[in-house]
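See below for the structure under consideration.
Computed from heavy atoms alone, side chains included, the values below leave out hydrogens, waters and symmetry copies. Values in this document were obtained by computation on a predicted structure and should not be read as measured data.
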Amino acid sequence: MAPTEKGFKAYAMKAGDGPNSYANNSTFQKRAVDSAREVIREEIAEKLDTHTLSSSSSTFHIADLGCSVGPNTFFAVENILEAVQLKYQTQGPSSRTPEFQVFFNDHSGNDFNMLFKSLPKNRNYYAVGMPGSFYGRLFPKASINLFHSSYSLSWLSRVPKEILDKEGPAWNKGKIHYSNSTSPGEVIRAYEAQHAEDMECFLSARAQEIMYGGLMMLIIMCRPSGTPHFDTLATATYETLESCLMDMTKEGKVSEEKIDSFNIPIYFMSPEEVEVAVDRNGNFNIERIQILPNVLTSTALSNASIFTSHLRAVVETLLKEHFGDEMLDELFNLYHKKVAEQPSKFGSGKAIISLFVLKRKEN
């Protein structure tokens with residue numbers, strides 16, 4: 001994985017529109033966007049200061065961070081646009097609805113060709129691609145009215161460097177994620193520290209780019225408050241993937257050294273960790289935290305085909321870059337088999353989808 005600006009790593013979803021693509025395997029993410037719709041409408045109606053924002057420009061600027069390839073990003077943007085338009089219309093006859101410009105952001109390795117081929121034909125906004133890591137600056141100062149991000153902030157900017165030190169206490173030998181029930185405590189602390197650092201980078205960059213009074217809508221997969229790291233959906237997900245890789249190692253199809261040097265840079269934060277990060281940064285108020293219902297149902301999570309295809313769409317590129325692509329089909333066939341053999345393990349995995357509504361503080 002080539003480093004991007006400031007050494008950030010780029011992690012792209014499965015490109016294209018094939019059977020294993022993210023575009024065709026992201027219904028969990030779509031449910032979250034749909035579930036957040038009414039809350040986002042309420043918050044925009046109550047919290048968006050159109051008078052302040054309209055005084056500086058006749059164009060309303062929206063950015064979706066970690067947009068991937070669609071179609072979910074288009075649904076999210078349409079929900080936001082409808083809410084903002086309604087807000088302006090309720091201000092009275094003297095209030096003029098602005099034009100809209102939407103920035104679709106993701107790493108430069110994202111399939112932007114697929115994204116723009118899929119743009120809605122009847123859209124009422126000007127679309128712009130913005131490649132780059134959202135853990136750094138992307139936009140000019142005070143240029144964005146509203147930020148949105150869904151399912152993206154679980155990705156760290158990089159694997160914690162301590163995890164890669166073979167001589168250090170956080171060396172995660174034989175494991176691919178911090179949530180493994182037998183991972184050393186130092187591994188968990190390294191992930192926690194990387195997450196805290198990344199959140200500060202994210203919030204500091206957005207604080208410079210968003211206008212005072214602007215809103216930020218963040219949909220994040222979290223572990224429930226008070227839940228240990230080893231008792232979450234992540235544990236079931238990645239311990240099973242790890243066991244598949246180890247099975248292939250025993251058959252001589254994957255080297256043990258390759259597994260030792262592979263760690264998935266995804267962190268499942270708690271709502272409290274988000275609150276701590278926002279408080280530490282000091283540039284935003286948390287206006288609302290809402291747990292979104294009916295997103296991760298036990299029925300959907302325990303469906304082997306759906307769960308396997310969704311995981312593959314998210315991590316295939318990561319696995320391909322590290323292990324090569326020859327083993328991918330066999331790996332996920334084995335994964336599907338294991339999920340089918342123990343569906344309750346996944347259906348009972350603890351996870352919540354939370355919507356955080358943040359507002360930029362005034363000077």
Side-chain angles (χ1 to χ4, degrees), residues 11-33 66 68-72 110-111 114 150-152 154-155 174-181 221 223 230-251 253-254 258-259 262-268 294-353:
Y11 308 110
M13 303 298 98
K14 175 67 174 175
D17 59 357
N20 296 321
S21 67
Y22 182 82
N24 288 321
N25 294 281
S26 54
T27 55
F28 291 150
Q29 295 87 334
K30 171 66 162 53
R31 285 178 192 159
V33 170
S68 191
V69 296
N72 295 334
N110 185 56
D111 190 353
M114 174 67 186
S150 180
Y151 273 78
S152 299
S154 295
W155 286 92
K175 304 173 187 65
I176 65 171
H177 196 244
Y178 73 93
S179 64
N180 188 297
S181 56
M221 179 182 281
R223 71 179 192 280
F230 58 80
D231 190 25
T232 67
L233 180 60
T235 306
T237 302
Y238 298 118
E239 278 192 351
T240 302
L241 183 61
E242 176 187 297
S243 72
C244 294
L245 287 167
M246 293 305 293
D247 287 348
M248 295 180 73
T249 296
K250 294 172 185 175
E251 297 176 2
K253 297 174 181 178
V254 176
K258 278 284 189 180
I259 297 177
F262 179 72
N263 286 272
I264 294 177
I266 292 177
Y267 180 78
F268 290 87
N294 304 320
V295 178
L296 298 173
T297 64
S298 59
T299 301
L301 291 175
S302 58
N303 184 302
S305 296
I306 294 175
F307 196 89
T308 302
S309 63
H310 277 61
L311 178 65
R312 181 167 185 167
V314 171
V315 301
E316 176 175 310
T317 301
L318 198 64
L319 290 161
K320 180 179 178 180
E321 290 182 356
H322 190 83
F323 296 100
D325 59 0
E326 298 83 5
M327 46 76 78
L328 290 174
D329 287 341
E330 182 175 351
L331 174 65
F332 285 104
N333 286 338
L334 183 57
Y335 191 90
H336 178 275
K337 180 181 178 182
K338 293 198 176 193
V339 176
E341 289 173 347
Q342 44 187 341
S344 61
K345 177 178 179 180
F346 296 83
S348 62
K350 295 179 181 177
I352 55 174
I353 308 300

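- Of the possible polar contacts, one joining the Tyr335 side chain to the Thr237 backbone as a donor-acceptor pair under 3.5 Å is found.
- Rounding to the nearest 0.5 Å places NE2 of His336 at 12.5 Å from CG of Leu311.
- Between the side chain of Ser152 and the backbone N or O of Ser150, at least one donor-acceptor pair lies under 3.5 Å.
- Between Glu251 and Glu330, the shortest heavy-atom distance links the atoms OE1-OE2, 3.7 Å.
- Distance check: Arg223 CZ to Phe230 CZ gives 11.0 Å after rounding to the nearest 0.5 Å.
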Go through the steps for Asn263 and Tyr178 under the test side chain to side chain contact (heavy atoms under 4.5 Å, CB included), then give the verdict.
CA-CA 8 Å; Asn263 286 272; Tyr178 73 93; over 6 Å; no
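- A donor-acceptor contact shorter than 3.5 Å is absent between the side chain of Ser154 and the backbone of Ile266.
- Between Lys337 and Asp247 there is no salt bridge, since none of the side-chain N atoms of the basic residue sits less than 4.0 Å from a carboxylate O of the acidic one.
- Within the model, atoms CE of Met246 and CD1 of Ile176 stand 10.5 Å from one another, a figure rounded to the nearest 0.5 Å.
- Aromatic ring pairs are classed by plane angle as parallel below 30°, tilted from 30° to 60° and perpendicular above 60°; the pair Phe268 and His177 is perpendicular.
- The OG atom of Ser68 sits 9.5 Å away from atom CE of Met114, with the distance rounded to the nearest 0.5 Å.
- With Thr249 contributing its side chain and Val254 its backbone, the two residues share a donor-acceptor pair below 3.5 Å.
- The main-chain N or O of Ile306 is found under 3.5 Å from a side-chain atom of Ser309 such that the two form a donor-acceptor pair.
- When the salt bridge (charged side-chain N to carboxylate O under 4.0 Å, His left out) test is applied to Asp325, no partner is found at least two apart in sequence or on another chain.
- Nearest heavy-atom pair, Trp155 versus Tyr151, reported as atom, atom and distance to 0.1 Å: CD1-O, 4.2 Å.
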Apply the test side chain to side chain contact (heavy atoms under 4.5 Å, CB included) to residues Lys253 and Leu331: give CA-CA distance (whole Å), side-chain angles for both, the deciding distance (0.1 Å), then the verdict.
CA-CA 10 Å; Lys253 297 174 181 178; Leu331 174 65; over 6 Å; no
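- A salt bridge is defined here as a Lys NZ or Arg NE, NH1 or NH2 lying under 4.0 Å from an Asp or Glu carboxylate O, and Lys320 with Glu316 fails to meet this definition.
- Rounding to the nearest 0.5 Å gives a distance of 11.5 Å between OG1 of Thr232 and CD1 of Ile352.
- Remark: Phe323 CZ to Leu328 CG distance equals 10.0 Å, nearest 0.5 Å.
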